[in-house]
Amino acid sequence: MTTMKKDLSEKRLKEKQIVEEMIKLYCHKAHHSQSGQLCSDCKALLKYAQQKSEKCPFMENKTFCSACKVHCYSAEMREKMRTVMRFSGPKMLLYHPILAIWHISVTIQQKVSKKQIERNQVKR
């Protein structure tokens with residue numbers, strides 16, 4: 001496996017891991033499922049998110065779905081995912097601090113990189 005394919009594979013895996021943990025946390029707290037277990041709605045959302053991540057043609061260039069120019073989620077699933085993210089996002093530092101810090105770090109790096117690109121384009 002080439003380095004680029006390996007990096008992309010690892011990126012997809014990491015994204016899937018974060019989404020899964022966020023959905024599990026949401027399901028446990030909001031739907032009162034057993035820790036680590038998912039209700040049928042949350043299982044369907046996780047499966048949907050994993051399928052979208054697996055087929056994403058922009059994975060190389062984007063950080064997370066929220067930063068993507070093309071939103072491939074259906075309106076219903078996108079709203080469900082937003083609900084999960086709004087609920088679980090702030091709690092991730094308590095329940096999964098390493099994943100949360102990594103997520104924050106990547107998001108900040110992406111924003112800084114984007115601003116640098118924009119500045120360079122303005123200078124031209």
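All heavy atoms count here, side chains included; hydrogens, waters and symmetry mates do not. Note that the coordinates shown come from a computational prediction; the quantities given were computed from them, not determined experimentally.
Side-chain atoms of Ser53 never come within 3.5 Å of backbone atoms of Ala49 as a donor-acceptor pair (strictly under, hydrogens ignored).
In this structure, Ile98 is not a member of the same hydrophobic cluster as Ile108, with clusters built from ILVMFWY side-chain heavy atoms closer than 4.5 Å. Ile104 and Met22 fall into different hydrophobic clusters, where Ile, Leu, Val, Met, Phe, Trp and Tyr residues are linked whenever their side-chain heavy atoms come under 4.5 Å apart, directly or through other members. Taking hydrophobic clusters as Ile, Leu, Val, Met, Phe, Trp and Tyr residues chained together by side-chain heavy-atom distances below 4.5 Å, Val70 does not share a cluster with Val19.
Looking at His71 and Arg78, their side chains come closer than 4.5 Å, going by heavy atoms from C-beta outward. In this structure, Lys91 and Leu25 have side chains that are in contact, with non-hydrogen atoms separated by less than 4.5 Å. Side chains of Lys115 and Arg119 form a contact here, defined as non-hydrogen atoms less than 4.5 Å apart. Considering only heavy atoms from C-beta on, Leu93 comes within 4.5 Å of Ile101 through its side chain.
By the 4.0 Å N-to-carboxylate-O rule, Glu20 lies close enough to Lys24 to be salt-bridged with it.
Residue pairs meeting the salt bridge (charged side-chain N to carboxylate O under 4.0 Å, His left out) criterion with at least one partner in residues 41-54, sequence neighbours excluded, are Lys16-Glu54.
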Between Leu38 and His28, is the side chain to side chain contact (heavy atoms under 4.5 Å, CB included) condition met? List the steps. CA-CA 7 Å; Leu38 296 175; His28 177 63; over 6 Å; no
Do Leu99 and Lys14 pass the side chain to side chain contact (heavy atoms under 4.5 Å, CB included) test, and can you show the C-alpha distance, the side-chain angles, and the key distance before you say yes or no? CA-CA 9 Å; Leu99 285 176; Lys14 192 75 149 180; 4.2 Å; yes
Does Met77 form a side chain to side chain contact (heavy atoms under 4.5 Å, CB included) with Met81? I'd like the steps, not just the answer. CA-CA 6 Å; Met77 293 304 238; Met81 188 57 79; over 6 Å; no
Going through the checks in order, is the side chain to side chain contact (heavy atoms under 4.5 Å, CB included) test met by Tyr26 and His31? CA-CA 7 Å; Tyr26 173 78; His31 297 160; 3.6 Å; yes
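Scanning for side chain to side chain donor-acceptor pair (under 3.5 Å) contacts around Lys29 gives Tyr95, with sequence neighbours left out. Remark: Arg12 engages no residue in a salt bridge (charged side-chain N to carboxylate O under 4.0 Å, His left out) (not counting sequence neighbours).
The two residues Tyr48 and Cys72 come nearest to each other via the heavy atoms OH-O, 3.8 Å.
Shown here is Lys111, whose NZ atom has no more than 12 heavy atoms of other residues, nucleotides or ligands within 6.0 Å.
We find the CD-CG distance between Gln116 and Asn120 to be 7.5 Å, quoted to the nearest 0.5 Å. Residue Cys39 holds its SG atom at 9.5 Å from CG of Leu45, rounded to the nearest 0.5 Å.
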